[in-house]
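Just so it is clear: chains get the letters A, B, ... in the order the sequence lines come, proteins before strands, and each one is counted from 1.
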Protein chains: 2
Amino acid sequence: MARYKKRERQELLLEKVSTDPFLTDEKLSEVFEVSIQTIRLDRLELNIPELRERIKHVAREETEKIRSLSLQEVIGEIIDIELNDHALSLFIVEDGHVFQKNKITRGHYLFAQANSLCVAVIDEPLALTKSADIEFTRASKLGDKVISKAVVEKMDGHRAIITVTSRVEQRLVFKGRFEMYYTDETDEGEKYG
Amino acid sequence: MARYKKRERQELLLEKVSTDPFLTDEKLSEVFEVSIQTIRLDRLELNIPELRERIKHVAREETEKIRSLSLQEVIGEIIDIELNDHALSLFIVEDGHVFQKNKITRGHYLFAQANSLCVAVIDEPLALTKSADIEFTRASKLGDKVISKAVVEKMDGHRAIITVTSRVEQRLVFKGRFEMYYTDETDEGEKYG
DNA sequence: CTGATGTTAGTACCAACTACTAAATGAGGT
DNA sequence: ACCTCATTTAGTAGTTGGTACTAACATCAG
């Protein structure tokens, strides 16, 4: 392992640090077979913060991601809404949403966007999906911006019919017809899921 | 704000630190109006690690959570599978999967379990959901163990029909009929999503 | 050979600690 | 009021993983 020249080492350093932020300067100096000072100069030039700052950063970032990925009320970001009438949301397909092999979006994320949009558009304390007919008309892929539109067709008593269409650059990727159950009693829930 | 007595202070300390792990001993000593040494004695007695260790811990823990919640290939754990015939999976409803208000499972997680089971049961390089008719028959809740069963009804050419039923303690919570598109060409994907 | 670029050494200093000793302050109990 | 034990505070030395700075090498190209 002949030592790298500056340029090369710095590129590898960036990569190393971003894949494993838990490396001290000392460890890095061993990996690259240079002195600690060299590593520090490199970090200075590349604006890589010190170990503790890096860790703090991932800790904060990840806690936020957790909230936005798993605890969020809605998959996708709502960009327009008229309660009990219609709603629009944007969902950007990221790495975790696709099949690794071919980068095609997993169907259930498109469904999740549509489903949570239906829940959101209904202006009642409790709204649950009762049934749905759905169709995936085209494959969407990593990086796509999926715009989903929900239109409330009918509301009577405790039942709403909503049609959803999702498009990437005007082209339909998903459509569905959702039957929702809703009520103003907050703690029902022994009926549907 | 009269200062607390030891017992009380230590309980509050545990709570404080777990809700916000980014607090230094100095900040904590200000909050509780005691000296830094007192805080350190408390941490010693309660086995609370120092700031840096706490941060390191959340940073590592959270990165794992991310992977298990968002990047997993299958929602739920496959417990039995006979390719092109049938498959069973178990999905335990956790905090991130339910509505906070009433702890009812969001529909799209049940759909995700069924959908990913359908993808898994088909023994071909590429399998995509083309359409589905689904029904949520009962509400499932936080802590429920949902067993999903997929049965391949028919396979011809590039099309498979799969019926899925999901139950919590024998009681049906979800059922669906999935139409899947599949092919042995790895990089198709311009058809469905 | 000289100069620029790159690398290493070394010092002083910092935050946020641990580990330890020792002194001051309570709060009761009799 | 006095003694006592628990609690709190103070202070010192040492650690990790750094920053910031100065100064001394090393390497190579023209």
TODO: Give a yes or no answer on whether the side chain of B:Ser166 reaches the backbone of B:Val146 with a donor-acceptor pair at less than 3.5 Å.
DONE: no
Task: Parallel, tilted or perpendicular: ring planes of A:Tyr109 versus A:Phe91, cut at 30 and 60 degrees - done: parallel
TODO: Could you tell me the separation between the CZ atom of B:Arg40 and the P atom of C:dT21, rounded to a whole number of Å?
DONE: 17 Å
- [ ] Starting from P on D:dG18, measure out to CZ on A:Phe22 and report it in whole angstrom.
- [x] 13 Å
Open item on the list: Please determine whether a side-chain nitrogen or oxygen atom of A:Arg43 lies at a distance below 4.0 Å from atom OP1 or OP2 of D:dT19.
Closed with: yes
Task: Flag if over 12 foreign heavy atoms under 6.0 Å of NZ, A:Lys103 - done: yes
TODO: Return the residues of residues 23-31 of chain A meeting this criterion: a heavy atom under 4.0 Å from some atom of DNA chain D. Order them by number, or give none.
DONE: A:Thr24, A:Asp25
- [ ] Could you tell me whether the phosphate oxygens of D:dT9, OP1 or OP2, come under 4.0 Å of any side-chain nitrogen or oxygen in B:Ser35?
- [x] yes
Task: Distance-only donor-acceptor test, B:Arg52 side-chain atoms vs C:dA15 base atoms, 3.5 Å - done: yes
Give each protein N/O atom lying under 3.5 Å from an N/O atom of nucleotides 11-13 of chain D, with the pair distance.
residue, atom, partner, partner atom, Å
D:dG11, N7, B:Gln37, NE2, 3.3

Task: Atom-to-atom span, CD1 of A:Ile48 to C1' of D:dG17 - whole angstrom - done: 16 Å
TODO: Send over the distance from A:Asp42 CG to C:dG6 P, rounded to a whole Å.
DONE: 10 Å
Open item on the list: I want to check one thing: is the phosphate of C:dT7, taken as OP1 and OP2, less than 4.0 Å away from some side-chain N or O of A:Arg9?
Closed with: yes
TODO: Check the pair A:Glu50, A:Arg43 against salt bridge (charged side-chain N to carboxylate O under 4.0 Å, His left out), reporting the backbone distance first and the verdict last.
DONE: CA-CA 8 Å; A:Glu50 65 167 286; A:Arg43 282 203 298 100; over 6 Å; no
Open item on the list: I need the CD-P distance between A:Glu53 and D:dT19, as an integer number of Å.
Closed with: 9 Å
Open item on the list: If we ignore hydrogens and angles and just use 3.5 Å, is the side chain of A:Asp25 paired with the main-chain N or O of A:Ile36 as donor and acceptor?
Closed with: no
Task: Rounded distance (Å) that lies between atom P of D:dA29 and atom NZ of A:Lys6 - done: 16 Å
- [ ] Give one of base, sugar-phosphate or nothing for A:Leu41, where a contact means two heavy atoms less than 4.0 Å apart.
- [x] base
TODO: Between A:Glu50 and B:Glu45, just flag the one whose closest nucleotide in DNA chain D comes earlier from the 5' side.
DONE: B:Glu45
TODO: Nearest whole angstrom, please: distance from the C1' of C:dT18 to the CG of B:Asn47.
DONE: 14 Å
Open item on the list: Over all strands shown, is A:Arg7 touching base, sugar-phosphate only, or nothing at heavy-atom distances under 4.0 angstrom?
Closed with: nothing
TODO: For residues A:Ile39 and A:Phe32, determine if any side-chain heavy atom of one lies less than 4.5 Å from a side-chain heavy atom of the other.
DONE: yes
Open item on the list: If I take atom CG in residue B:Leu44 and atom P in nucleotide C:dC20, what distance separates them, rounded to the nearest angstrom?
Closed with: 10 Å
Open item on the list: Is it the case that over 12 heavy atoms from other parts of the model lie below 6.0 angstrom from the CD atom of A:Glu169?
Closed with: no
TODO: Any chance you could lay out the salt bridge (charged side-chain N to carboxylate O under 4.0 Å, His left out) test for A:Lys56 and A:Glu53, step after step, and finish with the verdict?
DONE: CA-CA 5 Å; A:Lys56 211 184 291 178; A:Glu53 290 306 311; 3.3 Å; yes
- [ ] Please answer whether the main-chain N or O of B:Ala160 pairs with a side-chain N or O of B:Tyr181 as donor and acceptor at a distance below 3.5 Å.
- [x] no
Open item on the list: Testing the basics here: between A:Phe99 and B:Ala127, what is the closest heavy-atom pair and its distance to 0.1 Å?
Closed with: CZ-O, 4.2 Å
